[in-house]
Amino acid sequence: MNEIILEISALFIALFCMADCLKRSKKLYIPENTPLVKKLKDQHFVYLILLVTLMISAVTSVTEVIIENYFKVNNSLFLNILNELYFLFHNTLASLFTVYILNMTGAGKEKNHRFYIFMLLPLVLGELIILSNPLTKYIFFIDENMTYNRGNLFWVLYAIGAFYIALGIVFFFIYKNRLSKMDRSATLILISIAILGILIQAAWSIPVELFFESIAF
């Protein structure tokens with residue numbers, strides 16, 4: 001019960017933030033007549049993508065808990081699909097955070113395509129491992145008792161996430177003088193809350209990561 005409450009809370013927080021952004025200034029968050037590559041160098045657009053990714057992650061997680069605990073569906077196919085979608089989207093959050101930091105400081109527009117290609121290689125690796133999971137079971141698997149189990153390479157996703165968070169923090173401190181005092185304080189709060197959620201979930205397996213991330217953003 002606690003898990004589904006946390007995930008639903010994360011969903012509604014992200015949904016509220018997204019609706020508020022679009023209601024106040026839609027053109028700012030979704031710039032028109034701009035190529036996607038340029039959009040991804042816009043902090044407001046990336047922020048919106050972060051919120052959408054959080055929402056999709058929360059939706060898949062909530063649906064999985066409902067199916068598993070309330071409908072008692074005796075078919076692992078649904079659970080596997082939902083977990084695959086969850087990991088595919090949630091795995092991108094840390095890299096989006098790094099891109100957001102670069103864009104917020106203005107440093108993102110100074111970086112060339114080669115920089116982004118190399119920076120995003122760990123993300124591509126993680127996504128490939130997730131996509132191969134139905135065959136390899138490297139990230140997770142559902143056993144004959146319909147119980148979720150972590151795979152042998154589950155730690156790789158945490159390592160990739162930690163890499164991007166660390167990279168984002170490094171970029172923040174390198175370029176922090178470009179930000180206002182208020183933006184610096186807000187970003188430090190964002191980083192602290194997000195990291196706290198990750199540490200709690202990693203250490204005690206309490207599913208608070210999405211909830212903390214939604215509060216932070």
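Residue numbers count from 1 along this sequence.
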The single option from Thr53, Ile130, Ile56, Leu210 passing side-chain contact (heavy atoms from CB on, under 4.5 Å) against His90: Leu210
I would like to know whether Thr63 and Phe78 meet side-chain contact (heavy atoms from CB on, under 4.5 Å); could you show each step before the answer? CA-CA 10 Å; Thr63 306; Phe78 293 108; over 6 Å; no
Between Thr98 (side chain only) and Ala94 (backbone N and O only), is there a donor and an acceptor less than 3.5 Å apart? yes
If you look at every heavy atom in Lys41 and Tyr116, which pair is closest and at what distance? CE-CE1, 3.8 Å
Interatomic distance, Lys137 atom NZ to Asn80 atom CG [nearest 0.5 angstrom]: 5.5 Å
Candidates Phe212, Phe211, Phe217 - the one meeting side-chain contact (heavy atoms from CB on, under 4.5 Å) with Ile193: Phe212
For Asp20, check salt bridge (charged side-chain N to carboxylate O under 4.0 Å, His left out) against everything at least two apart and list the hits. Arg24
Is there a side-chain contact between Ile169 and Ile195 (heavy atoms, below 4.5 Å)? yes
Taking it one step at a time, do Phe45 and Asn103 satisfy side-chain contact (heavy atoms from CB on, under 4.5 Å)? CA-CA 10 Å; Phe45 181 75; Asn103 292 345; over 6 Å; no
Please walk me through it: do Leu54 and Leu50 pass side-chain contact (heavy atoms from CB on, under 4.5 Å)? CA-CA 6 Å; Leu54 271 170; Leu50 270 166; 5.6 Å; no
Between Phe89 and Ser57, the two heavy atoms sitting closest are CB-OG, 3.8 Å
The complete set of ring-ring contact (aromatic ring centres under 6.0 Å, His included) pairs with one or both residues in residues 21-41, sequence neighbours excluded, reads Tyr29-His44
Tell me whether Phe115 is reachable from Tyr175 by hopping between hydrophobic residues (I, L, V, M, F, W, Y) whose side-chain heavy atoms are closer than 4.5 Å. yes
For Leu102 and Thr105, which heavy atoms make the closest approach, and how far apart are they? O-OG1, 3.0 Å
Which atoms form the tightest heavy-atom contact between Leu28 and Asp42, and what is the distance? O-OD1, 4.0 Å
Membership question, hydrophobic clusters at under 4.5 Å side-chain separation (ILVMFWY): are Met18 and Phe16 in the same one? no
Show the nearest heavy-atom pair for residues Ala10 and Ser214, with the distance to one decimal. CA-OG, 3.4 Å
Value rounded to 0.5 Å, distance of CG in Leu40 from OG1 in Thr34: 11.0 Å
Do any N or O atoms from the side chain of Lys26 and from the backbone of Lys23 form a donor-acceptor pair under 3.5 angstrom? no
Would you tabulate the side-chain donor-acceptor contacts of residues 150-167 under 3.5 Å, counting partners in other chains and residues two or more places apart, or write 'none'?
unit_1	atom_1	unit_2	atom_2	d
Trp155	NE1	Asn152	O	3.1
Tyr164	OH	Met119	O	2.6
Tyr164	OH	Leu123	N	3.1

According to a 4.5 Å side-chain heavy-atom criterion applied to Ile, Leu, Val, Met, Phe, Trp and Tyr, with indirect links allowed, do Ile117 and Val37 form part of one hydrophobic cluster? no
One should read off an interatomic distance between Asn91 CG and Tyr86 OH, to the nearest 0.5 angstrom, of 10.5 Å
Please check if the number of heavy atoms outside Lys111 that lie under 6.0 Å from its NZ is greater than 12. yes
Quick one: do Val124 and Leu85 end up in the same hydrophobic cluster if we chain Ile, Leu, Val, Met, Phe, Trp and Tyr together by side-chain heavy atoms under 4.5 Å apart? no
Are the side chain of Glu209 and the backbone of Gln201 linked by a donor-acceptor contact shorter than 3.5 Å? no
For a quick test of reading the model, state the closest non-hydrogen atom pair linking Ala14 to Leu51 and the distance between them. CB-O, 3.9 Å
Pairwise distance CD1(Ile215) to CG(Leu190) - rounded to 0.5 angstrom: 11.5 Å
Could you go step by step and tell me if Glu7 and Val65 meet the side-chain contact (heavy atoms from CB on, under 4.5 Å) rule? CA-CA 10 Å; Glu7 305 294 41; Val65 173; 5.5 Å; no
Do the side chains of Ile142 and Leu135 join up, straight or via other hydrophobic residues, at under 4.5 Å, putting them in one cluster? no
Which residues share a salt bridge (charged side-chain N to carboxylate O under 4.0 Å, His left out) with Arg178, sequence neighbours left out: Glu110
Taking atom CD1 of Ile139 and atom CG of Asn149, what is their separation to the nearest 0.5 Å? 13.5 Å
Can you measure from CE (Met104) to OG1 (Thr187) and round to the nearest 0.5 angstrom? 3.0 Å
Contacts of Tyr138 that satisfy side chain to side chain donor-acceptor pair (under 3.5 Å) - sequence neighbours left out: none
Do Tyr100 and Ile49 have side-chain heavy atoms sitting under 4.5 Å apart? no
Residue list, ring pair (Phe, Tyr, Trp, His ring centres under 6.0 Å) with Phe140, at least two apart or on another chain: Phe87, Tyr148
